[in-house]
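Notes for the one structure printed next.
Lettering of chains follows the sequences in order, A, B, ..., and the numbering in each one begins at 1. Because only heavy atoms are used, hydrogens play no part in the values below, and waters and symmetry mates are left out as well, while side chains stay in.
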There are 2 protein chains.
Amino acid sequence: MSTLSRREKSKCPISYSLDLFGDKWTLLVLRDVILHGKTRFAEFQSSDEKIASNILSDRLRRLGEQGFIAIEKDPSDARQKIYSVTKKGLSLTPVLLEIAAWGASHDGQTGELPHTVERSDSVCSSITNALR
Amino acid sequence: MSTLSRREKSKCPISYSLDLFGDKWTLLVLRDVILHGKTRFAEFQSSDEKIASNILSDRLRRLGEQGFIAIEKDPSDARQKIYSVTKKGLSLTPVLLEIAAWGASHDGQTGELPHTVERSDSVCSSITNALR
DNA sequence: TTTTTAACTTGCAATTTGAAAGTAATATCA
DNA sequence: TGATATTACTTTCAAATTGCAAGTTAAAAA
């Protein structure tokens, strides 16, 4: 590949990533679906950060369009949708954990890292589901 | 520590982190100061993403207030300021690299990862400076 | 002394967010 | 069966943030 075509092609991978999830809400929704195994609209709404329903709706739709999560109808209740993480979504786990590790070591409020325990179980089931 | 006080204290470390750098511009500025060793206002302005000067000004000030970067006067040119990464700022390197790695492996445009080479040199000098 | 440069700051339109209320399609209860 | 509740949105609108262009101030260079 020539130097020129490489220069044209290459955009910063950090910038590329941030275009997809470089805002607060997207990563929090991904946290909930990956680390906490949430699957329903109301579950995402109930997290501590209190995301507004219009923003949540928008982010779930985008994450679905971009392939980070799968959106299905609940066969046993037609009002509900089931959100689940895909392989692509799971590939963001290292990013999330790195951010969590940084936050935990700099917060001073986080104490005994309550998410550490919670995490391992939920991640395991997220992985099991995504790879099925 | 009681269960109650722990529950009151513990906020999600991911949420904590995102409150500090959960937007596109903050991490791009940190990328430039950590991975590309930029030190001047004009250098940050010249990156591909073309950050507006008011936003850049705001982000540099915040990063300074939060201790991620140090801001000094240039002794040899009183018009200029010198921005440099601190130890605290450097502690975000793993987060940045994880995001970069994800972007590189999912972009399809990034080609031969031109930042890999560039990175190692700049990171080394960032580290050297921050720890001095 | 005039021109340039560096780092902002300001003004303003456009976009995004956030809070609250509304809606449509079910599902559940009496 | 009819009334009520639930779920996942959508809408409305004010407030905050962003993005662009132009202006400002102090200091350096010509």
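- B/Asp74 has its CG atom 9 Å from the P atom of D/dA28, to the nearest Å.
- Of the possible polar contacts, none joining the A/Lys88 side chain to the B/His106 backbone as a donor-acceptor pair under 3.5 Å is found.
- One atom, CD1 of B/Ile69, and another, C1' of C/dA7, lie 13 Å apart when rounded to the nearest Å.
- In this structure, CG of B/Leu56 is placed 17 Å from P of D/dA21, rounded to the nearest angstrom.
- Between B/Phe44 atom CZ and C/dA6 atom C1' there is a gap of 14 Å when expressed in whole angstrom units.
- In this structure, the side chains of A/Ser47 and A/His36 stay at 4.5 Å or more apart for every pair of heavy atoms.
- In this structure, CD of A/Glu72 is placed 16 Å from C1' of D/dA8, rounded to the nearest angstrom.
- What separates CZ of A/Phe41 from P of C/dT23 is a distance of 18 Å, to the nearest Å.
- Nucleotide C/dA7 holds its C1' atom 14 Å from the CD1 atom of B/Ile82, rounded to whole Å.
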(request) Starting at the 5' end of nucleotides 12-22 of chain C, put B wherever the base has a protein heavy atom under 4.0 Å, S where only the sugar-phosphate does, and a dash everywhere else. (result) -----SBB-B-
(request) Evaluate the side-chain contact (heavy atoms from CB on, under 4.5 Å) criterion for residues B/Ile82 and B/Lys73: first the C-alpha distance (whole Å), next the side-chain angles of each, then the deciding distance (0.1 Å), finally the verdict. (result) CA-CA 6 Å; B/Ile82 302 174; B/Lys73 288 179 182 172; over 6 Å; no
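- Between the CD atom of B/Gln45 and the P atom of C/dA6 there is a distance of 10 Å, given to the nearest Å.
- Looking at A/Leu30, A/Leu28, A/Val29 one by one, the single match for side chain to side chain contact (heavy atoms under 4.5 Å, CB included) with A/Thr26 turns out to be A/Leu30.
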(message) Counting primed atoms plus P, OP1 and OP2 as sugar-phosphate and everything else as base, spell out the protein contacts along nucleotides 25-30 of chain C at 4.0 Å heavy-atom distance: B, S or - for each nucleotide, 5' to 3'.
(response) BBS---
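- The CG atom of A/Leu97 sits 6.0 Å away from the CG atom of A/Leu35 when rounded to the nearest 0.5 Å.
- Atom CD1 of B/Ile51 and atom CZ of B/Phe41 lie 8.0 Å apart (nearest 0.5 Å).
- Judged purely by atom type and a 3.5 angstrom limit, A/Lys38 uses its side chain to pair as donor or acceptor with the backbone of A/Glu43.
- Rounding to the nearest 0.5 Å places CG of A/Leu60 at 5.0 Å from CD1 of A/Ile69.
- A/Ser57 places no side-chain N or O within donor-acceptor distance of the main-chain N or O of A/Ser53, the cut-off being under 3.5 Å.
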